[in-house]
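Reading through the structure tokens given below for one structure.
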Protein chains: 2
Amino acid sequence: MKQRIAIVGFGTVGQGIAEILLNKTAYLNEKYGYDYQVVAIADFAYGNAFNPDGLDLPLMLEEAKAKRKFSKDVTAMDTLTLIRECNADVMCELTYTDLSTGGPAIDHVKAALDSRKSVVTSNKGPAALKYREFAELAESNGVKFLIEGTVCAGTPVINLSEGPLAGCEISKIRGILNGTTNYMLSEMEKGMSYDDVLKVAQEKGYAEADPTGDVEGYDARGKVTILANIVMGVKMDINEVSCKGITKITPADIEEAKSKNSRWKLIGCVEKRDGKVVGSVAPEMVSLSHPLAGVMGATNALTFTTDMLGDVTIVGPGAGRMETGFSILTDLLHIFRTGK
Amino acid sequence: MKQRIAIVGFGTVGQGIAEILLNKTAYLNEKYGYDYQVVAIADFAYGNAFNPDGLDLPLMLEEAKAKRKFSKDVTAMDTLTLIRECNADVMCELTYTDLSTGGPAIDHVKAALDSRKSVVTSNKGPAALKYREFAELAESNGVKFLIEGTVCAGTPVINLSEGPLAGCEISKIRGILNGTTNYMLSEMEKGMSYDDVLKVAQEKGYAEADPTGDVEGYDARGKVTILANIVMGVKMDINEVSCKGITKITPADIEEAKSKNSRWKLIGCVEKRDGKVVGSVAPEMVSLSHPLAGVMGATNALTFTTDMLGDVTIVGPGAGRMETGFSILTDLLHIFRTGK
């Protein structure tokens with residue numbers, strides 16, 4: 001049976017997953033028996049469209065790329081009504097992250113789960129602020145709330161802990177959760193100042209015009225919160241995670257690390273300690289002999305400390321357009337293969 | 001509903017999974033709703049036992065550890081009959097690996113799948129010699145054939161490629177697949193000769209009395225074959241994998257690598273090349289800047305080259321008693337959670 005998909009937010013990631021689905025149709029069908037239909041798309045800029053028998057996805061991609069409003073299957077339903085009323089099995093929430101209020105993504109997710117649709121999202125807002133509430137709502141409605149794309153989209157950390165590591169008790173997760181700052185620290189080691197490196201990172205598109213979210217550690221803090229809630233299974237609020245960014249690191253600090261055979265990394269950590277789970281984000285001098293020290297550039301890496309396997313480390317790319325698209329695809333496939 | 005388990009082969013790994021199940025009963029039940037019953041155990045040394053309502057597992061562990069024959073619920077059925085006739089949902093095949101003939105494990109697996117029981121195994125024989133045949137038989141009988149424990153038991157490579165990387169096309173897998181030889185190469189770098197290192201590895205229990213399987217690369221070749229068949233989805237015979245071990249590496253070779261800022265690693269590789277899948281095992285000089293170069297001691301590491309994520313690397317422990325036990329547990333849980 002075809003999986004019927006609603007896409008809410010048709011920007012970089014939304015268009016990305018649409019392209020991936022179009023390009024990989026034959027491969028996914030052959031390998032997994034996967035077949036799909038996009039029945040609804042909602043976007044603030046391009047409008048809302050709905051066709052219960054499947055939208056004309058190539059046309060809609062063309063229009064969005066040309067920054068034109070949708071011309072076909074346009075619906076008068078507002079986004080929340082569309083989410084509730086459409087015949088999708090799963091809603092992809094791909095609007096922009098707001099880590100303060102979580103809105104409007106939080107309302108989108110609630111509307112979908114309430115109307116018994118699974119949700120797949122790369123939006124850190126609902127995941128960091130409301131994970132447990134939504135996970136419980138999904139479970140009681142017999143659907144799924146999957147969020148691989150919210151933490152290091154190109155490095156499947158959540159699905160690794162949920163699937164291949166199932167059965168292990170995880171006592172600590174520690175790693176490089178933000179590719180932008182890891183790139184900046186890597187460059188600073190080559191002799192550039194913080195301000196110069198920031199300029200280059202912005203030119204390369206790694207850092208936003210307002211880089212606060214990355215360099216102050218807020219992005220990593222959101223991910224630590226998600227890992228605590230999902231992987232550690234505790235209800236942790238984002239404000240309980242201590243947070244220090246990389247803005248105060250000086251060339252003298254860089255030299256000090258070198259002299260100690262170490263290297264600065266912005267480390268996010270969530271750890272069971274004396275029966276409590278503690279989350280933190282802070283720059284650390286990591287010994288060059290540690291696996292995380294060798295992870296350079298815009299790359300993510302996480303080490304899981306487990307009861308049965310000791311340390312297991314995964315290293316992969318951070319969040320780009322293709323990587324985030326992949327994380328959405330892999331969660332869509334998971335829903336398809338497990339029949340929910 | 002309780003998962004009913006038959007354990008065939010009650011040596012190190014069989015006793016290991018029994019202990020893990022006993023020790024983790026409460027945790028597994030709370031986290032996954034998992035409950036189990038071991039209804040049959042067959043072992044060449046301790047005898048065959050069967051109780052459709054569950055065996056006395058602590059007693060049987062005690063007897064096996066004391067090298068005594070089983071005293072309770074002993075059955076006259078031979079192993080193949082027991083596998084066929086018992087009421088297990090899943091059979092764990094944990095006898096010793098024979099990479100030449102695969103027997104008797106191959107007969108055990110066939111008997112279980114024929115009688116519609118899922119199979120979980122860490123035995124490389126059936127996986128390396130008959131994977132596709134058994135996977136098809138399992139599918140047509142509505143059961144599973146899971147083999148995470150056959151490749152780097154402590155590093156969940158198969159489940160990683162099947163689950164969290166689903167949707168990616170994998171064009172190459174390359175890595176350190178044999179912990180024993182990696183330990184030996186690490187020690188040789190410190191100045192020991194091949195023969196001296198081998199002695200230490202044998203004393204530490206890393207290498208067998210007859211080390212041929214490890215040092216000639218045969219163990220790694222079996223794993224490459226399994227990866228080709230499962231992850232790459234091609235029918236590759238173990239003899240199609242070119243194979244060279246580490247026995248010819250001299251102190252002069254070690255020095256040469258150092259002078260080139262490199263390090264010897266025994267690399268197993270399976271790769272799509274010009275529409276064909278090619279497998280190989282050989283020592284390689286790996287540049288110190290590559291993630292695999294930093295993997296020292298009895299550790300495994302694999303890099304997956306993918307279409308959507310580029311390179312994703314996983315690093316974890318090799319196969320010990322606990323690690324292999326974990327791999328069996330995680331596959332049992334997978335069967336339980338997906339309802340087969």
Side-chain angles (χ1 to χ4, degrees), chain A residues 20 23-24 27-28 30-32 34 148 153-169 233 288-291 293-296 299-301 303-304 306-317 320 322-323 325-334 336-339, chain B residues 20 23-24 27-28 30-32 34 148 153-169 233 288-291 293-296 299-301 303-304 306-317 320 322-323 325-334 336-339:
Chain A
I20 289 168
N23 293 338
K24 292 201 133 192
Y27 171 78
L28 295 171
E30 192 193 326
K31 178 137 189 191
Y32 305 105
Y34 179 75
E148 179 62 57
T155 308
V157 296
I158 293 169
N159 288 339
L160 177 66
S161 69
E162 295 282 304
L165 291 181
C168 277
E169 288 178 69
L288 287 182
S289 66
H290 191 281
V295 176
M296 305 300 279
T299 302
N300 292 147
T303 300
F304 295 80
T306 72
D307 59 341
M308 297 178 77
L309 302 179
D311 283 0
V312 174
T313 300
I314 185 157
V315 185
M322 181 61 98
E323 290 80 3
F326 160 75
S327 71
I328 302 298
L329 173 66
T330 202
D331 279 348
L332 287 173
L333 275 176
H334 180 82
F336 180 80
R337 293 164 84 191
T338 53
Chain B
I20 289 168
N23 293 338
K24 292 202 133 193
Y27 171 79
L28 295 170
E30 191 193 327
K31 178 137 190 192
Y32 305 105
Y34 179 76
E148 178 61 57
T155 308
V157 295
I158 293 169
N159 289 338
L160 178 67
S161 69
E162 294 282 304
L165 292 181
C168 276
E169 287 178 69
L288 287 183
S289 66
H290 192 280
V295 176
M296 305 301 278
T299 303
N300 291 148
T303 300
F304 295 80
T306 72
D307 59 342
M308 298 178 76
L309 301 180
D311 283 0
V312 175
T313 300
I314 186 158
V315 185
M322 181 62 97
E323 290 80 4
F326 160 75
S327 71
I328 301 299
L329 173 65
T330 203
D331 280 348
L332 287 174
L333 275 176
H334 180 82
F336 180 81
R337 294 164 83 192
T338 54

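Keep in mind that the numbers below use all heavy atoms, side chains included, and drop hydrogens, waters and symmetry copies.
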Can you tell which of [options] has the highest number of heavy-atom pairs within less than 4.5 Å of chain A?
{"options": "B/Gly316, B/Gly154, B/Ala153", "result": "B/Gly154"}
{"options": "B/Ile20, B/Thr299, B/Leu309", "result": "B/Leu309"}
{"options": "B/Ala166, B/Pro317, B/Ala301", "result": "B/Ala166"}
{"options": "B/Asn159, B/Thr313, B/Val312", "result": "B/Thr313"}

Using every non-hydrogen atom in the two residues, find where [X] and [Y] come nearest and quote the distance to one decimal.
{"X": "A/Leu165", "Y": "B/Pro156", "answer": "CD2-CG, 4.0 Å"}
{"X": "B/Thr330", "Y": "A/Gly163", "answer": "OG1-O, 3.7 Å"}
{"X": "A/Gly167", "Y": "B/Tyr32", "answer": "N-OH, 3.1 Å"}

| query | Just how far is it from atom CG of A/Asp307 to atom NZ of B/Lys24, taken to the nearest 0.5 Å? | reply | 3.5 Å
| Gap separating the CG atom of A/Leu329 from the CE atom of B/Met308, nearest 0.5 angstrom |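 With rounding to 0.5 Å, CG (A/Leu329) is 5.5 Å from CE (B/Met308).
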Which atoms of [X] approach chain B - backbone, side chain, both or neither, heavy atom under 4.5 Å:
{"X": "A/Glu148", "result": "neither"}
{"X": "A/Ile314", "result": "both"}
{"X": "A/Thr155", "result": "neither"}
{"X": "A/Leu28", "result": "side chain"}
{"X": "A/Tyr27", "result": "side chain"}
{"X": "A/Asp331", "result": "neither"}

| Heavy-atom contact with chain A under 4.5 Å, split by part of B/Leu333 | side chain
